[in-house]
Protein chains: 2
Amino acid sequence: MAENRNVKEDELYDLAELFKAFGDSTRIRILFALFEKDYAVNDLAEHLNMTQSAISHQLKILKRFKLVGNSREGKSRIYFLADDHVRTIISMGIEHIEE
Amino acid sequence: MAENRNVKEDELYDLAELFKAFGDSTRIRILFALFEKDYAVNDLAEHLNMTQSAISHQLKILKRFKLVGNSREGKSRIYFLADDHVRTIISMGIEHIEE
DNA sequence: TGAATATCTGAACGATTGTTCATATGTTAG
DNA sequence: CTAACATATGAACAATCGTTCAGATATTCA
């Protein structure tokens, strides 16, 4: 039981890191864009009016937390939302701020 | 429709701010402690092994985003989780990292 | 192979953030 | 009212973070 609590306690640090990944406007805008459709890096940069480099840096973080995945498509690399978990978390967040 | 999109676009900044509130280990530990029971500020500080000041600063942030509420109880102020939304978001997050 | 295109990456800089320290505010009991 | 307790707050400092810039890596096609 005390053991179980410690496991949870350790997990909380990872949890904070996970939410930190959601907690940046650029990354949220990326995630929301991918909510609607898949994007190549350049298209994402254009769509969000940011440099390709900035987007790439943030995609790397999102990938580290398994919030997005990607696959090669010719010269481009197509990014997509990792799973419905991500969709649910974003949806819950939107519900909260819309209250 | 274009109008609707802009509304969403603006909301995304608030959404990032909301997740930022979850994205700190101290605040997550506070939220998780309150997941289990209500706490006065001092008890929370003791429970988490942190100064009262640090906890108070973070509680202020959590309150700003309506993640916690409080009520006076004699000399103390008892903090509690604002609603089930918060519980759900935390639960979803834990599920994600446990995958 | 070499040019063109697409993406990634490291260093650096400015901005933001969490904690500490000292102190202020608020509440209760004597 | 005053002492004691509980919480809140402002300033300051160190650490973390996101963007830019320059250049590296990877893939395609002629």
Side-chain angles (χ1 to χ4, degrees), chain A residues 9 12-34 37-82, chain B residues 9 12-34 37-82:
Chain A
E9 181 75 14
L12 293 183
Y13 288 92
D14 297 336
L15 191 54
E17 293 304 309
L18 173 66
F19 283 125
K20 214 175 284 184
F22 285 93
D24 171 74
S25 62
T26 297
R27 289 193 293 269
I28 277 285
R29 287 169 74 225
I30 291 175
L31 291 172
F32 193 74
L34 296 180
K37 63 167 183 150
D38 300 350
Y39 276 94
V41 182
N42 257 330
D43 297 340
L44 211 39
E46 198 176 315
H47 179 64
L48 300 181
N49 238 313
M50 298 191 66
T51 67
Q52 175 271 318
S53 179
I55 298 297
S56 190
H57 276 296
Q58 300 310 325
L59 282 172
K60 192 179 186 181
I61 294 175
L62 293 174
K63 208 172 70 177
R64 183 189 314 149
F65 288 98
K66 301 186 198 302
L67 303 186
V68 304
N70 67 65
S71 66
R72 193 166 270 293
E73 190 96 15
K75 292 185 237 185
S76 305
R77 196 168 276 276
I78 307 297
Y79 279 81
F80 46 84
L81 281 194
Chain B
E9 181 75 12
L12 293 184
Y13 288 93
D14 297 336
L15 191 55
E17 293 304 308
L18 173 66
F19 284 125
K20 213 175 282 182
F22 286 93
D24 170 75
S25 62
T26 298
R27 289 193 292 270
I28 278 284
R29 289 170 74 225
I30 290 174
L31 291 172
F32 192 73
L34 296 180
K37 64 167 183 147
D38 300 349
Y39 276 94
V41 182
N42 257 328
D43 297 339
L44 213 38
E46 198 177 315
H47 179 64
L48 301 181
N49 238 314
M50 299 192 65
T51 66
Q52 175 270 318
S53 179
I55 297 297
S56 189
H57 276 297
Q58 299 310 325
L59 282 172
K60 192 180 185 179
I61 294 176
L62 293 174
K63 207 173 70 177
R64 185 190 311 150
F65 288 99
K66 300 186 198 300
L67 303 185
V68 303
N70 67 64
S71 65
R72 193 164 270 292
E73 191 95 15
K75 289 185 241 186
S76 304
R77 195 168 278 278
I78 308 297
Y79 279 81
F80 47 83
L81 282 194

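Numbered from 1 within each chain, the chains take letters A, B, ... in sequence-line order. Worth knowing before you read on, the calculation uses all heavy atoms, side chains too, and leaves out hydrogens, waters and symmetry mates.
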Q: On DNA chain D, reading 5' to 3', which nucleotide is the first and which the last to sit with an atom under 4.0 Å from a heavy atom of chain B, could you check?
A: dC5(D) to dG10(D)
Q: When the side chains of residues 51-71 of chain A are checked against the rest of the protein, which donor-acceptor pairs come out under 3.5 Å, sequence neighbours left out?
A:
residue: T51(A); atom: OG1; partner: A54(A); partner atom: N; Å: 3.1
residue: Q58(A); atom: OE1; partner: R27(A); partner atom: NH1; Å: 2.6
residue: N70(A); atom: OD1; partner: R77(A); partner atom: NH1; Å: 2.8

Q: Is there side-chain contact between R29(B) and E9(A), with heavy atoms separated by less than 4.5 Å?
A: yes
Q: Taking protein heavy atoms under 4.0 Å as touching, what does nucleotides 20-30 of chain C look like 5' to 3' if B marks base contact, S marks sugar-phosphate-only contact and - marks none?
A: BBB---SSS--
Q: Please identify each residue that fulfils salt bridge (Lys or Arg N to Asp or Glu O under 4.0 Å) with E46(B), with sequence neighbours left out.
A: none
Q: Just to verify, what does F22(B) make a ring-ring contact (aromatic ring centres under 6.0 Å, His included) with, not counting sequence neighbours?
A: F19(A)
Q: Using five pairs at each end of the helix from dT1(C)-dA30(D) to dG30(C)-dC1(D) to define an axis, what is the angle between those two axes, to 10°?
A: 30°
Q: Kindly indicate whether the side chain of I30(B), heavy atoms from C-beta on, has any atom under 4.5 Å from the side chain of L34(B).
A: yes
Q: Can you tell me if the side-chain N/O atoms of Y39(A) get under 4.0 Å from OP1 or OP2 in dA6(C)?
A: no
Q: For I55(B) and dT19(C), give me the distance from atom CD1 to atom C1', rounded to whole Å.
A: 11 Å
Q: Roughly how far apart are D43(A) CG and L48(A) CG, rounded to 0.5 Å?
A: 10.5 Å
Q: Looking across every strand, which nucleic acid part, if any, lies under 4.0 Å from S56(A) by heavy atom: base, sugar-phosphate, or nothing?
A: base
Q: Residues of residues 16-31 of chain B with any non-hydrogen atom less than 4.0 angstrom from an atom of DNA chain C: list those, numerically ordered, please.
A: K20(B), D24(B), T26(B), R27(B)
Q: Do you know the tightest heavy-atom contact between L44(B) and A33(B)?
A: CD1-CB, 3.8 Å
Q: Which whole-number value in Å describes the distance from N49(B) CG to dT19(C) C1'?
A: 15 Å
Q: Where is the tightest heavy-atom contact between I78(B) and F80(B), given as atom of each residue plus distance?
A: O-CD2, 3.8 Å
Q: Between atom CZ of F32(B) and atom CG of L81(B), what is the distance when rounded to the nearest 0.5 Å?
A: 10.5 Å
